[in-house]
Engineer: 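Have a look at this one.
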Amino acid sequence: MSVAAKTETYDLFVIGGGINGCGIARDASGRGLTVCLAEMTDLASATSSASTKLFHGGLRYLEYFEFRLVREALIERETLLRAMPHISWPMRFVLPYHKDMRFEGMTPTSRALNLVMPWMKGRRPAWLIRLGLFLYDHLGGRAILPPTSSVDLASDPVGAPLRDKFRKAFEYSDCWVDDSRLVVLNARDAEARGAKILTRTKVVSARQSGGQWEVTVRNDGGTETIRARMLVNAGGPWVGNIIHEKLHLNSSEGIRLVRGSHIVTKRLYDHDKCYFFQGEDGRIIFAIPYETDFTLIGTTDAEHEDASKKPVCTEEEQDYLCAFATKYFKRPVTHADIVWTYSGVRPLYDDGASSATAATRDYTLKVDTSVGAPVLNVFGGKITTYRRLAESAMSKIATVLEVSKGNWTAGVPLPGGDFPVSDVTRLTEELAARYPFLTSFWAGRLIRAYGTEAGLILGDARQADELGTDFGATLTEREVVWLMEKEYARTAEDVVWRRSKLGLRLTAKQIADLEAWMKKARSNHTFHAAE
């Protein structure tokens, strides 16, 4: 590992390589601050690779009167879409309506409706849903995304997979995002602007010395000490652990760990739109076209007591999601349809909400100077507002450190995203024409992952065998080397479950062969990711 000499002092030391940590590192580096980021495992290895993969305002948060959060998220959708049109794209969401839809628990909206319309007994009336969608269309403004419309499920193709009892639906806009690639691209851009990105580097302890922090880290190269003027604790589910056990701060701020689980099934329908399903218990789930040949269904909301315990999608959660989806789809969704599951822990700010579903998704930033050297603790947040969270973090940081440059990230593309939102098809066709050996799936996958950098990976190859070892499912040696040299990948898991989702298509043997090849490559070369 290559770590700064003990005599060098960074402006910021960021703990955590999820979306908040990498987003703050990118923003700070672009303002001229010197930044070092340490992630104890791989980038986006926890919460930031286990989302529902959406840039969305959070339609259901309107029921909790979270208007500021929803408005900020809605504005951000198109800002982010323009900056990363390769890993994010618009999608239409179909919300079927039926008279038995109910509110979740006692939301502020349900309490108000019970007062003025007690005969509704907690049901969601169609006019209220339409009002919510009207607000969703207009709170944040739209330039790219189309507005809400009504759908006749009896005649529209989106009604074909649904049970006949669903006759009416509303259709609205939100955006898809490849969450784990979003994190990696933020890290790459931060590094391009001067940041030091250290993966597989665990913070052992940190102590205040002379108004600065001395951070002890451990990785394959041993133990090192790094000095910084300020710390940013973006540890996600571990933020509380870092406060108390690493920094030894006496803080009363708390987080609420909420597990969200998802199932991925064989493709359940043929069109490219998503479904927003509402249950009779007030809960909601999404069913989303996923990786061309699959459907993503989620999420659950369950309390998760211990951040050190790896979250898994339990049998009960799988049963719940299958049963929920089956209430809408004509063909029952069963365990036999499931090809993969994943689960993540959301570190929500503990606002005393009565349920995991009701806990706020907003973020809270707290600067602590109680021990002399400052630390910014990051609580909560959602992937859609990560860039705004980073800007808010910089406002807090600027109260302690000298920051000469203002907000700059809006509209600045991430690596590979320097093209118009409407040009994805054109870029895919041009890549396929330039490299005739690519299948349509292969060309599309590369553009969706790497955008304008796809050609840099393929280089001067004239046929597929010039790309080196074929690991299966269009993954070649040339791409794996790129991921190791440019994108911090060290293991097969990094490649097939975070830098891509090719694990859905590769066999266990193919993944094992990839792991063996990468291990040998690391021993023969000094790859960037192994620093």
Engineer: Answer whether the closest heavy-atom distance between the side chains of F166 and F277 falls below 4.5 Å.
Structural biologist: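 Contact flag for F166/F277 side chains = no.
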Engineer: Any side-chain heavy-atom pair from M91 and P289 closer than 4.5 angstrom?
Structural biologist: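 M91 reaches P289 side chain to side chain.
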Engineer: Measuring from atom SG of C313 to atom CD1 of I338, what distance do you get when rounded to the nearest 0.5 angstrom?
Structural biologist: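 The distance works out to 7.0 Å.
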Engineer: If the test is side-chain contact (heavy atoms from CB on, under 4.5 Å), which one of L321, I263, V258, I285 qualifies with T300?
Structural biologist: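 When L321, I263, V258, I285 are each tested with T300, the side-chain contact (heavy atoms from CB on, under 4.5 Å) holds only for L321.
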Engineer: Heavy atoms, side chains only, cut-off 4.5 Å: are L145 and E78 in contact?
Structural biologist: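 Yes, at least one pair of side-chain atoms sits under 4.5 Å.
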Engineer: Inspect the surroundings of CZ in F134 and state if more than 12 heavy atoms from other residues, nucleotides or ligands are less than 6.0 Å away.
Structural biologist: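 No, CZ of F134 has 12 or fewer neighbouring heavy atoms, counting only those of other groups under 6.0 Å.
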Engineer: Test S149 against F170 for side chain to side chain contact (heavy atoms under 4.5 Å, CB included), laying out the working first.
Structural biologist: CA-CA 6 Å; S149 61; F170 303 105; over 6 Å; no
Engineer: To the nearest 0.5 angstrom, please state how far the CG atom of D178 sits from the NE2 atom of H86.
Structural biologist: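 Going from CG on D178 over to NE2 on H86, the span is 9.5 Å.
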Engineer: Working note: V421 + I144, criterion side chain to side chain contact (heavy atoms under 4.5 Å, CB included); need CA distance, chi angles, decisive distance, verdict.
Structural biologist: CA-CA 9 Å; V421 174; I144 298 174; 4.3 Å; yes
Engineer: For residues L427 and I447, report the shortest heavy-atom separation together with the two atoms involved.
Structural biologist: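 Of all heavy-atom pairs spanning L427 and I447, the closest is O-CD1, 3.9 Å.
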Engineer: Going by heavy atoms in the side chains, are Y363 and S392 under 4.5 Å from each other?
Structural biologist: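 SC-SC contact between Y363 and S392 confirmed.
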Engineer: List the steps, then state whether salt bridge (Lys or Arg N to Asp or Glu O under 4.0 Å) holds for E391 with R388.
Structural biologist: CA-CA 5 Å; E391 287 184 341; R388 290 296 300 274; 3.6 Å; yes
Engineer: On a heavy-atom basis, which atom in P237 and which in T47 lie closest, and how many Å separate them?
Structural biologist: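 Result for this residue pair: CG-OG1, 3.5 Å.
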Engineer: I'd like to know if the side chain of R77 and the backbone of S173 have a donor-acceptor N/O pair within less than 3.5 Å.
Structural biologist: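 At least one qualifying donor-acceptor pair exists.
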Engineer: Is there a side-chain contact between D174 and F276 (heavy atoms, below 4.5 Å)?
Structural biologist: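 Side chain of D174 against side chain of F276, heavy atoms only: no contact under 4.5 Å found.
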Engineer: Measure up the Y269 and Y275 rings against each other and bin them: parallel (under 30°), tilted (30 to 60°), perpendicular (over 60°).
Structural biologist: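 It falls in the perpendicular class, over 60°.
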Engineer: Where do K382 and E76 land on the salt bridge (Lys or Arg N to Asp or Glu O under 4.0 Å) test, with the steps shown first?
Structural biologist: CA-CA 12 Å; K382 58 199 294 284; E76 275 296 280; over 6 Å; no
Engineer: Working note: E430 + R434, criterion salt bridge (Lys or Arg N to Asp or Glu O under 4.0 Å); need CA distance, chi angles, decisive distance, verdict.
Structural biologist: CA-CA 6 Å; E430 288 180 353; R434 182 179 172 188; over 6 Å; no
Engineer: Would the distance check show the side chain of T326 and the main-chain N or O of V333 forming a donor-acceptor pair, the cut-off being under 3.5 Å?
Structural biologist: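 Present.
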Engineer: So L268 and I297, do their side chains get closer than 4.5 Å, heavy atoms only?
Structural biologist: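 Result yes, sub-4.5 Å side-chain heavy-atom pair found.
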Engineer: Counting C-beta onward and ignoring hydrogens, is there a side-chain heavy-atom pair between V183 and Y386 closer than 4.5 Å?
Structural biologist: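 The answer is no; the side chains never approach within 4.5 Å.
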Engineer: To the nearest 0.5 Å, how far apart are OG1 in T299 and NE2 in H262?
Structural biologist: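 Answer for the OG1-NE2 pair, T299 versus H262, is 4.0 Å.
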Engineer: Considering all heavy atoms of both residues, which atom of A307 and which atom of L257 are nearest to each other, and what is their separation?
Structural biologist: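 For A307 and L257, the tightest heavy-atom pair comes out as N-CD1, 3.6 Å.
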Engineer: Answer yes or no: are there more than 12 heavy-atom neighbours, outside K405 itself, under 6.0 Å from its atom NZ?
Structural biologist: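 More than 12 within 6.0 Å, yes.
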Engineer: Any donor-acceptor pair under 3.5 Å linking the side chain of S49 with the backbone of A44?
Structural biologist: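 Confirmed, S49 side chain pairs with A44 backbone.
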Engineer: Angle between ring planes, H56 versus F286, binned at 30° and 60°: parallel, tilted or perpendicular?
Structural biologist: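 Geometry flag for F286 against H56: perpendicular rings.
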Engineer: Determine, stepwise, if the pair D494 / E487 fulfils side chain to side chain contact (heavy atoms under 4.5 Å, CB included).
Structural biologist: CA-CA 10 Å; D494 299 347; E487 299 196 3; over 6 Å; no
Engineer: Do you know which of E305, E317, E303 makes salt bridge (Lys or Arg N to Asp or Glu O under 4.0 Å) with R259?
Structural biologist: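 Filter result, single survivor: E317.
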Engineer: Looking at D270, is its backbone amide N or carbonyl O close enough to the side chain of R267 to form a donor-acceptor pair, meaning the two atoms are under 3.5 Å apart?
Structural biologist: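 A pair under 3.5 Å: yes.
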Engineer: Donor-acceptor pair, D27 side chain versus G23 backbone, under 3.5 Å?
Structural biologist: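 No, the answer is negative, given that no donor and acceptor are paired below the 3.5 Å cut-off.
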Engineer: Given 3.5 Å as the limit, does a donor-acceptor pair link the side chain of S180 with the main chain of R498, or not?
Structural biologist: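 Here the side-chain-to-backbone pair exists.
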Engineer: Kindly indicate, with the supporting measurements, whether the criterion ring pair (Phe, Tyr, Trp, His ring centres under 6.0 Å) is fulfilled by Y290 and W176.
Structural biologist: CA-CA 10 Å; Y290 189 62; W176 167 268; 5.8 Å; yes
Engineer: Would you say that L182 contacts L414 through its side chain, given a criterion of any heavy-atom pair below 4.5 Å between the two side chains?
Structural biologist: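 L182 vs L414: side chains touch.
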Engineer: Look up atom CG in L37 and atom CZ in R26, then write down how far apart they are to the nearest 0.5 Å.
Structural biologist: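 So the gap between those two atoms works out to 14.5 Å.
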Engineer: Keeping the roles fixed (side chain from D337, backbone from T334), state whether a donor-acceptor pair exists under 3.5 Å.
Structural biologist: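 Yes, because the side chain of D337 sits within donor-acceptor range (under 3.5 Å) of the backbone of T334.
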Engineer: If the threshold is 4.0 Å, N to carboxylate O, is there a salt bridge linking E291 and K501?
Structural biologist: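 K501 and E291: not salt-bridged.
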Engineer: Check F329 against A287 and note the closest heavy-atom contact, atom names and distance.
Structural biologist: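 Minimum heavy-atom separation between F329 and A287: CZ-CB, 4.1 Å.
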Engineer: Look at the side chain of R163 and the backbone N and O of K330, then say whether any donor-acceptor pair between them is shorter than 3.5 Å.
Structural biologist: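 Checking the backbone N and O of K330 against the side chain of R163, no donor-acceptor pair under 3.5 Å is found.
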Engineer: Locate the shortest heavy-atom distance separating P157 from H271; write the atom from each residue and the value.
Structural biologist: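 Distance-wise, the nearest heavy atoms are O-CD2, 4.2 Å.
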Engineer: Donor-acceptor pair, N233 side chain versus V239 backbone, under 3.5 Å?
Structural biologist: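 Yes.
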Engineer: Rounded at 0.5 Å granularity, tell me how far CG in D179 sits from CZ in F55.
Structural biologist: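 It comes to 9.0 Å.
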Engineer: Can you name the closest pair of heavy atoms from K53 and L296 and give their distance?
Structural biologist: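 The answer is CG-CD2, 3.9 Å.
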Engineer: Would you call D156 and K273 a salt bridge, using N to O less than 4.0 angstrom?
Structural biologist: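 No.
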Engineer: Closer than 3.5 angstrom, by distance alone: can the side chain of R92 be matched with the main-chain N or O of P146 as a donor-acceptor pair?
Structural biologist: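 The answer is yes, because a donor-acceptor pair under 3.5 Å joins these two groups.
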Engineer: Does the plane of the ring in W497 sit parallel, tilted or perpendicular to the ring in W340? Use 30° and 60° as the thresholds.
Structural biologist: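 Judged by the thresholds at 30° and 60°, the geometry between W497 and W340 is parallel.
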Engineer: What residue among M394, R31, R387 forms side-chain contact (heavy atoms from CB on, under 4.5 Å) with T409?
Structural biologist: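 When side-chain contact (heavy atoms from CB on, under 4.5 Å) is applied between T409 and each of M394, R31, R387, only R387 qualifies.
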Engineer: May I ask you to establish whether R499 and W482 are in a cation-pi arrangement, using a distance under 6.0 Å from NZ or CZ to the six-membered ring centre and at most 45° from the ring axis?
Structural biologist: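 Because its charged atom misses either the 6.0 Å distance or the 45° angle limit, R499 does not stack over W482.
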Engineer: List the steps, then state whether side chain to side chain contact (heavy atoms under 4.5 Å, CB included) holds for R448 with T292.
Structural biologist: CA-CA 12 Å; R448 281 303 189 189; T292 306; over 6 Å; no
Engineer: Using the side chain to side chain donor-acceptor pair (under 3.5 Å) rule, take E39 and Y488 through it: C-alpha gap first, then chi angles, then the decisive distance, then the call.
Structural biologist: CA-CA 11 Å; E39 162 56 44; Y488 318 96; over 6 Å; no
Engineer: Enter the distance from L502:CG to T474:OG1 here, rounded to the nearest 0.5 Å.
Structural biologist: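 If we round to the nearest 0.5 Å, L502:CG and T474:OG1 are 5.5 Å apart.
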